[in-house]
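First the structure, in the form of structure tokens, and then the observations on it.
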Amino acid sequence: SYTAVTTTLAGAARDDDGGAAGRIVQGSLRQFMTNANAIAGSNAMRFVPVLPVNDSSWWEVKVTDPLPTVTGDTTTIDGTAFEYVDGVTVRDENAGTTGYNAAGDKTVGVDSIALPVIGRPELEIEADRTIGNPVEVGFDITADDVAVRDLAIFGFGDTGVGNADANIMVGYDGSPVYSGAIIERNVIGSGAGDFVGPIVAGTGMGVRLETSAGAIVRDNLIGFMDSRTVDVITATGTLIEGNELSTVDEDVVDVYLLSNTTSVLENYINGGVNWALDFIGPNGWIRNNTVVSAGAGGGQTGGLRIFSTGHTVDRNVFLTNNGPAIAIAGDKSTAEIRPAGEAVITQNEFSGNDGLAIDLQAASDDNSLSGDGITPNNGGVTDPTHGNQELDFPVITSATLSGGTTAVTGTACSGCTVEIFEAVGGTGDDDPPGSGTNYHGEGIAYLGSGVATGGTFSIDVTGLVDGDE
């Protein structure tokens with residue numbers, strides 16, 4: 001069968017007969033990709049290895065020459081292993097699970113969404129980094145409706161950050177738009193044994209969506225690259241869902257200015273030298289993620305930064321990030337021009353972040369800015385160059401507990417929805433800074449909401465006891 005992969009040979013573009021025969025190893029991944037490009041219609045890889053595992057408890061293809069670019073629509077590259085004798089019995093030589101949720105007991109977001117459990121893959125695609133110039137791109141996709149699933153792929157790239165190198169790439173700069181890519185249940189950036197480091201210098205991105213529409217990146221473990229886990233460059237309708245995105249030497253996820261309508265839902269996002277999520281393009285939906293310990297690099301650091309308009313940030317959990325949990329950026333008018341951010345921010349939870357829970361930033365051309373602290377209220381004067389137009393924050397004037405109900409009153413912009421949280425004071429949210437007084441606090445639990453009328457609000461909530469803040 002031209003879709004069967006039976007051998008781990010042909011990581012190099014060599015022939016199998018020698019001399020002038022010039023044929024690729026039959027039954028190899030390289031030959032399957034060549035066949036799928038040449039034969040019209042749906043082509044789904046079937047991995048039925050003839051020989052025993054060749055790397056610990058899994059099969060490894062060591063890549064020394066670039067694999068064929070995927071140009072055939074509806075091609076599926078699938079690392080599920082089947083018994084050679086019947087072709088249908090699933091093999092599980094590499095038994096067990098891996099990643100943050102290997103035990104199956106982890107959840108994400110305010111709604112405690114179960115994080116997918118990812119099994120250890122049977123097939124590993126590894127770039128040979130012992131050669132002088134490692135292969136820059138693992139799977140280079142320039143076709144519609146291509147799927148990559150159930151395998152490990154890592155080590156591709158030779159320059160790290162600032163380059164188009166990637167383990168998986170859809171489209172290229174200036175290419176047509178390719179639609180319908182699905183990348184799911186893979187381990188990307190690490191081997192098939194366990195999802196662990198170290199970060200290898202020069203390795204490229206996990207997934208780079210250069211020119212795509214409707215791409216889905218879901219239920220993967222992506223991390224341990226010298227770049228980002230997912231880069232959304234010029235893409236529309238991207239869904240990033242149910243992944244563990246972890247431990248890279250840059251932002252964890254970037255959404256560029258020319259990308260639109262990107263949804264980041266129900267992911268566990270951990271580590272990263274800079275921002276966990278850097279949203280530059282408009283109309284993002286960021287919901288029920290857990291964002292932990294981003295910003296170890298000390299510059300342009302924190303949980304989520306937003307430029308452009310049309311975003312919703314809903315029911316995420318932000319924990320122990322180095323910098324603000326959420327920064328709504330002001331205009332950046334030089335070099336890489338970026339419009340001020342605007343977002344509806346609702347029912348998120350915050351704790352232990354080294355900065356404000358929500359920081360509305362003034363216009364600045366300093367891309368390394370990691371929050372600019374508390375913006376004083378100015379009586380309702382808005383500024384379109386400022387994050388969220390410099391909207392005044394609500395001011396609580398009283399909180400009265402009676403019979404298990406707390407009546408919270410205060411002032412806010414008329415017609416604005418005011419959310420009430422149980423809160424704790426923390427680093428970077430005292431006013432004035434360093435005073436240890438007048439903490440604005442981080443909302444650790446959402447209690448309820450109401451709409452301000454005529455510049456005031458009165459909202460009854462439950463769940464507090466005497467002494468809570």
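For this chain, numbers begin at 1 and follow the sequence in order. What you see is a predicted model, and the numbers here were worked out from it, not measured in a lab. Quick note: numbers below take in every heavy atom, side chains included, and nothing from hydrogens, waters or symmetry partners.
In this pair, H311 and F279 present their aromatic rings perpendicular. The plane angle is above 60°, beyond the 30 to 60° band. Ring geometry for W59 against F47 counts as perpendicular: the plane angle is over 60°, on a 0 to 90° scale with 30° as the lower cut.
With no hydrogens or angles considered, no side-chain donor-acceptor pair links N43 and T3 at under 3.5 Å. Looking only at atom types and distance, the side chain of D365 has a donor-acceptor partner in the side chain of S333 under 3.5 Å away. The closest side-chain donor-acceptor pair between N274 and R228, if any, does not fall under 3.5 angstrom.
For the side-chain contact (heavy atoms from CB on, under 4.5 Å) with D150, the lone residue among E184, R185, E122 that qualifies is R185. The residue from T236, I286, T238 that alone fulfils the side-chain contact (heavy atoms from CB on, under 4.5 Å) condition with T262 is T238.
D173 CG: 12 or fewer foreign heavy atoms inside a 6.0 Å radius. Heavy atoms of other residues, nucleotides or ligands lying less than 6.0 angstrom from CD of E93 number more than 12.
Two residues are said to be in side-chain contact when any heavy atoms from C-beta on lie closer than 4.5 Å; N367 and E336 fail this criterion. Between T75 and F32 the shortest side-chain heavy-atom distance falls below 4.5 Å. Residues L257 and F307 have side chains not in contact (no heavy-atom distance under 4.5 Å, counting atoms from C-beta outward). Within the 4.5 Å cutoff, side-chain heavy atoms of E124 are placed close to those of F154. Side-chain contact check for V25 versus R30: every heavy-atom pair is 4.5 Å or farther apart. Proximity of I168 to I141: side-chain heavy atoms (C-beta onward) are separated by under 4.5 Å at one or more points. Residues N186 and I153 are not in side-chain contact: their nearest non-hydrogen atoms beyond the backbone lie 4.5 Å or more apart. Between I280 and D254 there is no side-chain heavy-atom pair separated by less than 4.5 Å.
Under the 6.0 Å cut-off for aromatic ring centres, F195 and Y100 do not qualify, their centroids lying 6.0 Å or more apart.
K62 contributes atom NZ, which lies 5.0 Å from atom CG of D128 (distance to the nearest 0.5 angstrom). Summarising the geometry, atom CG belonging to N322 is positioned 4.5 Å from atom OG1 belonging to T301; distances are rounded to the nearest 0.5 Å.
When the side chain to side chain donor-acceptor pair (under 3.5 Å) test is applied to S57, the partners found at least two apart in sequence or on another chain are N94.
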Residue pair M225, N167: steps toward the side-chain contact (heavy atoms from CB on, under 4.5 Å) verdict: CA-CA 10 Å; M225 285 87 60; N167 288 283; 4.0 Å; yes

Working for salt bridge (charged side-chain N to carboxylate O under 4.0 Å, His left out), residues R46 and D78: CA-CA 7 Å; R46 193 81 167 175; D78 190 331; over 6 Å; no

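At least one donor-acceptor pair under 3.5 Å links the side chain of E442 to the backbone N or O of G352. One N or O on the side chain of S364 and one on the backbone of D366 form a donor-acceptor pair closer than 3.5 Å.
The pair D158-R129 fails the salt-bridge criterion, with no side-chain N (NZ, NE, NH1 or NH2) lying under 4.0 Å from an Asp/Glu carboxylate O.
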